[in-house]
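The structure appears below as structure tokens.
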Amino acid sequence: MIYNQRKGGIFIIVYVDVLFVINFFITFFLLQITAKLCKRPGNAVRFILASSVGGLYSLIILLDDINEALLTLTKIVVCIIIVSVSFSFSGLRSFFATVGIFLFSNYIMLGITVGMFYLSKSQHIIVRNSSVYLDISARGLIVASFLAYIVSTVVVRVHGRVLSKREVYTLVVCNRGREVTFVAMLDTGNKLREPFSNSPVIIVDSTRGKPLMGEKTRIVPVNTVSGSTLLQSFKPDKIILKSSAGQEVIHNAYIALSDDINNNMYSAIINPDILSV
């Protein structure tokens, strides 16, 4: 199935199947970026279903130019659907923050991808009704999308590192019907991850954290300048992080118990990888 789009006095043939595949992969990469920004676990099956929605929405390029207000409204609605399919619901604030970040990621990647092809002076590109069509080979599409993804991820990481190192956080850990509140400090040197799941690890004072621990625990190896040790860790039912900017629910993080937090100012050390932008 094809559609003829006039551009600059010539006709460009738009293949609907290629249009769908291009926007499917773009949506998939956008969801990967959004998951990184939000520090939320991704599910491949859910991402594929959501990317299919993005691919189908790209068919809007076949319509006549749509009113800008209506186009913005439809885009927001589709973004809400895509985010709903991609991520589990964990509160309205977190949900709409994820939608906003997905839209932000969308514009980053769209700008990078389109910019690459304008710089290459390619005449086989259409951007209409916020949908992108590139008349390029599959290899070219993969390379371009991957480069855009890499650049976007670097932007995300750089932006994510601009954090207040002196910020004091309130960490609420809930498990087995119990709740313990910790005063937490951000430590950019804390890169600990649980080995099997690769989830970030928050270190807490063992005296206060032991009542939360259940039967299922995992060992986290720790290497410091003073030597190596092993910490017991567990994945709690819920983690809430509060700061001057508000609060958020932390997904897919582990709590490790340590006897070495000897500080009157804080009782937990945060891995910066758990923080959203």
Side-chain angles (χ1 to χ4, degrees), residues 31 34-43 46 80 83-84 86-102 104 156-157 159-194 196-218 220 231-258 260-261 263-277:
L31 289 172
T34 302
K36 286 179 179 294
L37 274 168
C38 297
K39 310 301 180 185
R40 303 190 63 171
N43 180 288
R46 298 183 72 162
I80 290 174
V83 170
S84 299
S86 302
F87 304 100
S88 58
F89 185 78
S90 59
L92 285 176
R93 185 179 181 278
S94 176
F95 174 76
F96 284 112
T98 305
V99 172
I101 289 172
F102 178 73
F104 171 73
V156 167
R157 285 187 175 275
H159 193 272
R161 291 293 180 255
V162 183
L163 303 168
S164 175
K165 296 183 180 180
R166 291 173 294 180
E167 176 77 81
V168 176
Y169 299 86
T170 298
L171 183 73
V172 182
V173 182
C174 308
N175 200 42
R176 302 195 308 156
R178 297 179 179 180
E179 179 180 299
V180 177
T181 300
F182 302 86
V183 175
M185 294 293 290
L186 171 71
D187 182 4
T188 55
N190 177 10
K191 304 297 183 182
L192 284 183
R193 287 186 173 268
E194 195 281 318
F196 294 100
S197 65
N198 198 38
S199 298
V201 174
I202 302 169
I203 303 173
V204 305
D205 178 67
S206 59
T207 303
R208 306 196 65 228
K210 277 182 180 178
L212 295 168
M213 182 173 286
E215 296 179 358
K216 295 182 179 180
T217 62
R218 294 187 179 180
V220 176
L231 299 181
Q232 277 190 306
S233 71
F234 64 96
K235 187 176 182 181
D237 297 329
K238 190 175 184 180
I239 302 174
I240 302 173
L241 187 66
K242 302 177 182 179
S243 70
S244 59
Q247 71 175 45
E248 62 178 307
V249 177
I250 304 300
H251 302 270
N252 203 34
Y254 275 75
I255 301 295
L257 306 184
S258 174
D260 297 327
I261 302 181
N263 194 297
N264 295 326
M265 300 295 294
Y266 59 88
S267 54
I269 300 173
I270 300 173
N271 182 329
D273 289 340
I274 72 169
L275 297 178
S276 298
V277 174

>> Give me the atom names and distance for the closest heavy-atom approach of S84 to R46.
In response: O-NH2, 3.4 Å

> Is the backbone of S86 close enough, under 3.5 Å, to the side chain of N43 for a donor and an acceptor to pair up by distance?
Replying inline: no

> Is it the case that R208 places NZ or CZ above or below the six-membered ring of F182, under 6.0 angstrom from the centre and within 45 degrees of the axis?
Replying inline: yes

>> Restricting to side chain to side chain donor-acceptor pair (under 3.5 Å), what partner residues turn up for T98, sequence neighbours left out?
In response: R40

> Any side-chain heavy atom of V204 sitting closer than 4.5 Å to one from L171?
Replying inline: yes

> CD1 of I250 to CD1 of I270: how many Å apart, nearest 0.5 Å?
Replying inline: 8.0 Å

>> Any heavy-atom pair between the side chains of T34 and F87 that's under 4.5 Å?
In response: yes

> If every non-hydrogen atom of P236 is compared with every non-hydrogen atom of A253, which pair is closest and at what distance?
Replying inline: CD-O, 3.7 Å

Please table the atom pairs, donor to acceptor, closer than 3.5 Å between any side-chain atom in residues 210-217 and protein atoms at least two apart or in another chain.
none

>> With rounding to the nearest 0.5 angstrom, report the CG to CD1 distance, L192 to I202.
In response: 11.0 Å

> Can you find a heavy atom in the side chain of F96 that is under 4.5 Å from one in the side chain of V83?
Replying inline: no

>> I want to check something: taking the side chain as every heavy atom from C-beta on, are I274 and I239 in contact at a cut-off of under 4.5 Å?
In response: no

>> What's the separation between atom OH in Y266 and atom CD1 in I203, rounded to the nearest 0.5 Å?
In response: 10.0 Å

>> According to side-chain contact (heavy atoms from CB on, under 4.5 Å), who are the partners of K238, at least two apart in sequence or on a separate chain?
In response: C174, I240, V249

> Side chains of M265 and V183: does their closest heavy-atom pair fall under 4.5 Å?
Replying inline: no

> Considering residues at least two apart in sequence or located in another chain, which fulfil the side chain to side chain donor-acceptor pair (under 3.5 Å) criterion with S199?
Replying inline: S197, N252

> salt bridge (charged side-chain N to carboxylate O under 4.0 Å, His left out) with R193: which residues, sequence neighbours excluded?
Replying inline: D273

> What distance do M185 atom CE and Y169 atom OH have between them, rounded to the nearest 0.5 Å?
Replying inline: 9.0 Å

> CD1 of I269 to CD1 of I261: how many Å apart, nearest 0.5 Å?
Replying inline: 4.5 Å

> Looking at residues at least two apart in the chain, or sitting in another chain, which of them share a side-chain contact (heavy atoms from CB on, under 4.5 Å) with A256?
Replying inline: V201, L231, S233

